[in-house]
Amino acid sequence: MLNTVVIPVAGLGTRVLPASKAIPKEMLTVVDKPVIQHVVEEAVAAGFTRVVLVTRSGKSAIEDHFDHNAELEQVLADKGKDALLAAVRDILPDGVQVISVRQDEAKGLGHAVLCAAALTGQDDFAVMLPDMLIDANGNTPDMQQMVAAYHSSGTGQIMVEAVPEDQVERYGIVDCGGARPASGHSAPMQDVVEKPALAAAPSNLAIVGRYILPARIMELLKTTPRGAGNEIQLTDAIKTLLQENSPLEAFTMGGDLYDCGNKAGLLMANIALGLKHPETASELKAYLQTR
């Protein structure tokens, strides 16, 4: 069964300060929706019906966003603003559940994922990072394709993208034994290295914040020691999983990736999606042509 996605939202958002001082970074908007809504919509479109937010104090705005606001909905209904009413009322489709769990201390991505262990149980599950927004450009979304690859092979999937060689030290890098799967395809993984120096990097295939993982990973995270940054790294547990000869595959994405956890990425996402939004496209295009 694959119906649960874990989304860690407990980060401080230091790369977008001061905007994230009082507002969760996940609530910063791309056009007319907060980043977290874009990511949850991506998960729902891929078939996930249970969204687990790993959160902390000061992040209640995220939970509120996915809850009903009866007063706002009544005002919109009374004024006949049906389109806006639908936009705020239908943020989550019927049958999709959002659950929050707390990460009591910032101990890294691996620890954040482990906080959801009681909810994932013995089932495989997905992890999606809320900073990473993927624009499918009208094609089948990458997460949908990766879920299909998981169901076809029965093997965990790690989404990757080829990055310039001078950027490999920023990412977890996968080793597929020299194989380079085409967009929308997977290849067996042999290893993963967290933020390697270029000389030590086995490839330039970088993990981009989308995972489908076997239930076994939760057991491994319980004993994974602190690694890079003195944090419990998810990539370290994935590495141990591979050392146990548990199969994993690297899935190459085809959409456009925007890292909304930094200022430039957030601005680029707003421009790219703003140029496609029916309410903003013409004015934004005209403005950009004057610059």
Side-chain angles (χ1 to χ4, degrees), residues 1-10 36-55 62-63 66 90-103 109-130 132 134 136 140-160 174 181 184-189 192 207-224 232 234-235 237-253:
M1 184 179 296
L2 184 69
N3 62 7
T4 299
V5 57
V6 177
I7 305 181
V9 296
I36 186 64
Q37 184 175 339
H38 286 281
V39 174
V40 169
E41 288 178 351
E42 179 189 354
V44 171
F48 293 95
T49 57
R50 188 165 66 156
V51 178
V52 179
L53 302 175
V54 182
T55 185
I62 300 174
E63 297 162 286
F66 291 103
D90 301 334
I91 288 176
L92 284 178
D94 291 341
V96 176
Q97 182 183 24
V98 172
I99 306 168
S100 295
V101 297
R102 288 293 185 103
Q103 183 182 20
L109 176 58
H111 178 259
V113 171
L114 181 58
C115 290
L119 294 169
T120 60
Q122 298 302 309
D123 293 331
D124 296 352
F125 62 97
V127 175
M128 298 174 68
L129 301 191
M132 300 299 187
I134 300 176
T140 302
D142 289 304
M143 195 64 186
Q144 287 188 36
Q145 294 185 61
M146 193 164 80
V147 168
Y150 162 83
H151 286 303
S152 176
S153 66
T155 300
Q157 305 283 321
I158 311 292
M159 195 178 292
V160 299
V174 305
H185 293 79
S186 301
M189 287 174 54
V192 61
I207 298 173
V208 295
R210 302 289 186 271
Y211 312 76
I212 298 176
L213 298 169
R216 168 68 178 156
I217 202 78
M218 289 298 194
E219 290 301 315
L220 296 176
L221 284 169
K222 291 177 182 178
T223 57
T224 297
I232 299 171
L234 181 60
T235 48
I238 292 172
K239 187 181 187 78
T240 303
L241 192 70
L242 290 166
Q243 290 170 346
E244 293 183 343
N245 294 317
S246 297
L248 286 175
E249 294 180 344
F251 174 90
T252 300
M253 64 174 292

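Just so it is clear, the structure is predicted and the values come from calculations on it, not from any experiment.
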How far does [atom1] of [X] sit from [atom2] of [Y], to the nearest 0.5 angstrom?
X    : Y    : atom1 : atom2 : result
S246 : I238 : OG    : CD1   : 12.0 Å
L92  : T49  : CG    : OG1   : 11.5 Å
L119 : I99  : CG    : CD1   : 5.5 Å
L213 : L248 : CG    : CG    : 7.0 Å
Y211 : M146 : OH    : CE    : 10.0 Å
L53  : I62  : CG    : CD1   : 6.5 Å

Nearest heavy atoms of [X] and [Y], plus distance in Å:
X    : Y    : result
V113 : V6   : CA-CG1, 4.5 Å
P130 : V9   : CG-CG1, 4.0 Å
L242 : V192 : CD1-N, 4.2 Å
L220 : A237 : CD1-O, 3.7 Å
A126 : L2   : N-CD1, 4.2 Å
V39  : M132 : CG2-O, 3.8 Å

Between [X] and [Y] (side chain of the first, backbone of the second, donor and acceptor by atom type, cut-off under 3.5 Å), is there such a pair?
X    : Y    : answer
D124 : A215 : yes
E249 : P247 : no
Q103 : H111 : no
S152 : A148 : no

For F48 and V96, what are the C-alpha separation, side-chain angles and deciding distance, and is it a side-chain contact (heavy atoms from CB on, under 4.5 Å)? CA-CA 8 Å; F48 293 95; V96 176; over 6 Å; no
Do you know which of D123, T120, T4 makes side-chain hydrogen bond (donor to acceptor under 3.5 Å, both in side chains) with R50?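 Going through D123, T120, T4 one by one, the side-chain hydrogen bond (donor to acceptor under 3.5 Å, both in side chains) with R50 is satisfied by T4 alone.
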Just wondering, do V98 and E63 contact through their side chains at under 4.5 Å, heavy atoms? no
Within a radius of less than 6.0 Å around CD of Q122, do more than 12 heavy atoms belonging to other residues, nucleotides or ligands occur? no
Stepwise side-chain contact (heavy atoms from CB on, under 4.5 Å) check, M143 with I134: CA-CA 9 Å; M143 195 64 186; I134 300 176; over 6 Å; no
Between S186 and Q157, is there a side-chain donor-acceptor contact under 3.5 Å, judged purely by atom types and distance? yes
Regarding R216 and E219, does a basic nitrogen lie under 4.0 Å from an acidic carboxylate oxygen? no
For R210 and D142: C-alpha separation, side-chain torsions, deciding distance, then whether side-chain contact (heavy atoms from CB on, under 4.5 Å) applies. CA-CA 9 Å; R210 302 289 186 271; D142 289 304; over 6 Å; no
Would L221 and L234 count as a side-chain contact (heavy atoms from CB on, under 4.5 Å) here? Give the steps. CA-CA 7 Å; L221 284 169; L234 181 60; 4.3 Å; yes
